[in-house]
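Written below as structure tokens is the structure these notes are about.
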Amino acid sequence: MTAITAVLDARRAAWNAGDLESYRQLLTVDADIVSATGRKSVGRDALIALSAEQKRQPSYKDATITATEIDAVRLVTPDVALVDATYRMTGVRIPADAEARPVAGSILFVMVQQAGAWRIASIRALPPDCRLS
């Protein structure tokens, strides 16, 4: 589980820094996402492009992922893991003209081990709960 935690920590750091190349390296070539905003993309490059686009949007341009807390890990096979987690963010504006506030939501990662390293194959995020205090 330490290696999986490290990948999710690296994802958080890369997203916060806008380091798209580092984020890209954490994904499988065929990675896909359904984001918390309901947007979908298939393929590593498309996922990175969507991430960059959403980070430029008023709702998320000042957002920071403060934590990705793992709630459960289920090994489907020795090389495939389902990772249920909770994300926490600050600086989110929902709607875009609202005051920035902290949010949290549920997120599922499908991770696969390739060449001895864990990579993110799929991401499913639920919309944030904006009532988080």
Side-chain angles (χ1 to χ4, degrees):
M1 184 150 115
T2 301
I4 289 172
T5 300
V7 170
L8 297 184
D9 287 345
R11 174 188 174 268
R12 178 180 47 81
W15 192 88
N16 287 344
D19 184 350
L20 301 178
E21 185 54 33
S22 291
Y23 190 1
R24 187 178 190 284
Q25 296 303 314
L26 301 171
L27 304 170
T28 61
V29 172
D30 61 348
D32 63 64
I33 187 171
V34 177
S35 75
T37 61
R39 303 277 307 274
K40 299 175 186 178
S41 70
V42 178
R44 178 169 53 198
D45 293 338
L47 191 155
I48 291 299
L50 176 62
S51 179
E53 176 191 331
Q54 289 185 312
K55 187 81 162 125
R56 289 189 302 266
Q57 299 299 315
S59 292
Y60 289 96
K61 72 176 187 163
D62 297 322
T64 300
I65 301 171
T66 57
T68 304
E69 301 163 0
I70 295 175
D71 301 319
V73 175
R74 177 177 164 235
L75 287 177
V76 179
T77 70
D79 295 330
V80 177
L82 300 178
V83 182
D84 285 302
T86 300
Y87 65 87
R88 299 189 185 285
M89 302 175 81
T90 58
V92 176
R93 297 175 184 275
I94 299 174
D97 60 350
E99 185 174 322
R101 62 180 123 189
V103 298
S106 296
I107 190 165
L108 171 70
F109 296 93
V110 177
M111 300 186 67
V112 298
Q113 197 168 34
Q114 297 177 333
W118 285 99
R119 302 231 185 280
I120 301 168
S122 188
I123 303 170
R124 298 292 183 270
L126 295 177
D129 175 2
C130 295
R131 295 167 300 186
L132 180 69
S133 56

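All figures in this text were calculated on a predicted structure; none of them were measured in a lab.
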Notebook entry, point to check: Among Val83, Leu82, Ile123, Val76, which residue meets the side chain to side chain contact (heavy atoms under 4.5 Å, CB included) test with Val110?
Noted result: Leu82

Margin query: Please give me the minimum heavy-atom distance between Ser41 and Leu47, naming the atom from each residue.
Written below: OG-CA, 3.2 Å

Next item on the list: Would you indicate whether the side-chain heavy atoms of Ile4 and Phe109 approach each other to under 4.5 Å?
Entry: no

Checklist line | Exercise: identify the closest heavy-atom pair between Tyr60 and Gln54 | finding: CB-O, 3.5 Å

Check: Taking all atoms of both residues into account, what is the closest heavy-atom pair of Val7 and Trp118, and its distance?
Finding: CG2-O, 3.4 Å

Checklist line | Co-membership, hydrophobic cluster, residues Val92 and Val34, 4.5 Å side-chain | finding: no

Check: With no hydrogens and no angle check, is any side-chain donor or acceptor of Arg93 less than 3.5 Å from a backbone partner on Ala63?
Finding: no

Check: Are side-chain heavy atoms of Leu27 and Ile48 found at a separation under 4.5 Å?
Finding: yes

Margin query: Can you tell me how far apart CD1 (Ile70) and CD1 (Ile107) are? Round to the nearest 0.5 Å.
Written below: 11.5 Å

Margin query: Test of understanding: clusters of I, L, V, M, F, W, Y form through side-chain heavy atoms closer than 4.5 Å, transitively. Do Leu108 and Tyr23 belong to the same one?
Written below: no

Check: Atom CG in Asp84, atom CZ in Arg74: separation rounded to 0.5 Å?
Finding: 10.0 Å

Next item on the list: Quick one: pull up CZ in Arg119 and CG in Asp79 and give me the separation to the nearest 0.5 Å.
Entry: 13.0 Å

Next item on the list: For Thr2, enumerate each residue passing the side-chain contact (heavy atoms from CB on, under 4.5 Å) test, keeping only those at least two apart in sequence or located in another chain.
Entry: none

Notebook entry, point to check: Shortest non-hydrogen contact from Ala36 to Tyr87?
Noted result: CB-OH, 3.6 Å

Notebook entry, point to check: Are Ile65 and Leu8 grouped together when hydrophobic residues (ILVMFWY) are joined by side-chain heavy atoms under 4.5 angstrom apart?
Noted result: yes

Next item on the list: Evaluate the side chain to side chain donor-acceptor pair (under 3.5 Å) criterion for residues Gln114 and Thr28: first the C-alpha distance (whole Å), next the side-chain angles of each, then the deciding distance (0.1 Å), finally the verdict.
Entry: CA-CA 9 Å; Gln114 297 177 333; Thr28 61; 5.3 Å; no

Notebook entry, point to check: Under 3.5 Å, side chain of Thr64 to main-chain N/O of Thr66, donor-acceptor pair present?
Noted result: no

Margin query: Name the residue from Arg39, Arg44, Arg124 that meets the salt bridge (charged side-chain N to carboxylate O under 4.0 Å, His left out) definition with Asp32.
Written below: Arg124

Margin query: Rounded at 0.5 Å granularity, tell me how far CG in Asp19 sits from CG in Leu26.
Written below: 9.0 Å

Item checked: Over all atoms of both residues, closest heavy-atom pair of Pro58 and Ala96 -> CB-CB, 3.7 Å

